[in-house]
Protein chains: 2
Amino acid sequence: MKRTLLAAALCCALPVLATPGRSTQEIIDTAPADAWRTPNPANLLYMQLDKGTVVFELAPDFAPEHVAQVKLLAQQHFWDGLSVYRVQDNYVAQFGDPNAEDKTKAKPLPPESKALPAEFTRPLAGLAFTALPDKDGWAKQVGFADGFAVANDDKNAWLTHCYGVLGSGRDNPPDSSNGAELYVVIGQSPRYLDRNITLVGRVVHGMELLSSLPRGTNNNAGYAGYYNSPAEYTPIKNIRLGSEVPESERLALQIMKTDSPAFAEMVESRRNRSGDWFVRTAGYTDVCNISVPSRVQR
Amino acid sequence: MKRTLLAAALCCALPVLATPGRSTQEIIDTAPADAWRTPNPANLLYMQLDKGTVVFELAPDFAPEHVAQVKLLAQQHFWDGLSVYRVQDNYVAQFGDPNAEDKTKAKPLPPESKALPAEFTRPLAGLAFTALPDKDGWAKQVGFADGFAVANDDKNAWLTHCYGVLGSGRDNPPDSSNGAELYVVIGQSPRYLDRNITLVGRVVHGMELLSSLPRGTNNNAGYAGYYNSPAEYTPIKNIRLGSEVPESERLALQIMKTDSPAFAEMVESRRNRSGDWFVRTAGYTDVCNISVPSRVQR
């Protein structure tokens, strides 16, 4: 009988490893200190739910105006007391003001809020981009930039819709998002959204608090995943900018540098799996199959 | 203000559609009767959890010996009172006997159980395969066969590790699975598992009951996602073969035929999204971004 089913399929150490590759977990565990960076707390969002803390890292290099608005909203405590009001299976968890659509009930944005442009792409030039050699069906090239999964077409670059990415919902006009109604990808990467909506960051801690929420069953309006009543919402206690969280309450987060040798070795360990469990290695990876490691220093 | 955020990104109808494409939901809603098939109840598994019913369609064309064993286990009520004992975020929910590894506690398999071979691939010849034109990074060709996402290398074919697929855990020897410890993919498709483990079917109803389970936090043994105590397990009330569920309790399930014109049009609607929301269509789809429609006739 066996319990170590799928053992080598995990991100984790195997007791017996075939040469030459080291396991992903071993690479992470032994990565030198300079393979890690401490994210700037001014670029982190701490979201407090009843069951714990979700931390997002924002991406000002990709969506500077959206990120400025998100920071303003956090500083103004806009989301406090609002909720996760939509969770569609294999798609997104969406949070903010459940009454955003109803002008008579919507929570007003801070008066300093500015109209936001569509920030779907940015120039590739000037971006510290590390390419993957692996082909991608959705874009000319994919890789990573400072912890974020990125695609490009030689001229422009954009964040990709991988698991855990944070985006800003919009209406039909491309410039119609206000930075207040955010969504997180909780399923198979919906890459068809790439370059259609502004991505503002990604989850670096506590993802499971969003991905395990009950799915909404109200699909009547043609939009799936909404809850039927406010009683089903997940309340947001508060969302704070990391730099405004008391230091004693901050997590000592570190994120692996995606331009480090350790990360390159880790990607290779995903592309060609080591260990006695695998009978075939793929020799390939999808950019969304690479989870950029983060850790909390204790 | 807006609530219809991400509206067109859904699988669902938009009030205003641009020509020429019809929306995915419109295609599904208007698909003719002959675009649907009623699965053979002898190939369905009904899993009763406290919160509802999960239904799996088994794939005897791909894993005949495993499917025979799974049917035997269901007929013998093997899983009744067992549990979902592992849920790893962005990976799998695994169920069966939490004590499978402990010979002194493990629930004995029925004496009729046979040793199972590795059923990682089958010949492409003889399979009613509908290819996608879209390139795939993991396999020479991908497409569908009778409701299942499939890859092939011109000679052999195999089920792909897309969201909702059902597999049979194994230990290091390729022929070490016993059909009793099963897992369901609940995140980004782990295609690197393809041809390394036997897939036996997929979820066709109630997926959200598995994907929204709390994630296990016991990673101590190097295997992530296990629960720390039996109190965290999700009990399985029972698992029955569809043909042994009383007719009054069966769901009138239908699954879209993946060789039908309606399905082809639906795939095209995912590849090139219609509606006023999209500013760019991908002109591409990943096989795992296509959810084969199923419905319950009322």
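Keep in mind that what you see is a predicted model, and the values were worked out from it rather than measured. Note on naming: letters A, B, ... go to the chains in the order of the sequence lines (proteins, then strands), and numbering restarts at 1 for each one.
- When heavy atoms are compared at a cutoff of 4.5 Å, B:Pro174 approaches chain A solely by way of its side chain, counted from C-beta outward.
- Using a 4.5 Å heavy-atom cutoff, the side chains of A:Trp277 and B:Asp171 are not in contact.
- Between chain A and the options B:Pro190, B:Ser189, B:Gly167, heavy-atom pairs under 4.5 Å are most frequent for B:Ser189.
- Residues passing the salt bridge (Lys or Arg N to Asp or Glu O under 4.0 Å) test with B:Arg215, sequence neighbours excluded: B:Asp89.
- Looking at heavy atoms from C-beta onward, B:Asn172 lies out of side-chain contact with A:Phe278 at the 4.5 angstrom threshold.
- The contact between A:Asn90 and chain B is made by backbone and side chain atoms together, counting heavy-atom distances below 4.5 Å.
- Options B:Gly283, B:Gly187, B:Ser211 differ in how many heavy-atom pairs under 4.5 Å they form with chain A, and the most are formed by B:Ser211.
- Qualifying side chain to side chain donor-acceptor pair (under 3.5 Å) partners for A:Asn156, counting only residues two or more places apart in sequence or in other chains: none.
- Side-chain contact check for B:Lys135 versus A:Lys135: every heavy-atom pair is 4.5 Å or farther apart.
- Residues A:Tyr192 and B:Arg280 fail the side-chain proximity criterion, which asks for heavy atoms closer than 4.5 Å.
- With hydrogens and angles disregarded, a donor-acceptor distance shorter than 3.5 Å links the side chain of B:Asn196 to the backbone of A:Val279.
- In terms of heavy-atom proximity, A:Ser212 sits nearest to B:Pro214 at CB-CA, 4.3 Å.
- Residues passing the side chain to side chain donor-acceptor pair (under 3.5 Å) test with B:Thr198, sequence neighbours excluded: none.
- Contacts from residues 284-294 of chain A to chain B, taken as heavy-atom pairs separated by less than 4.5 Å, involve A:Tyr284, A:Thr285, A:Asp286, A:Cys288, A:Asn289, A:Ser291 in sequence order.
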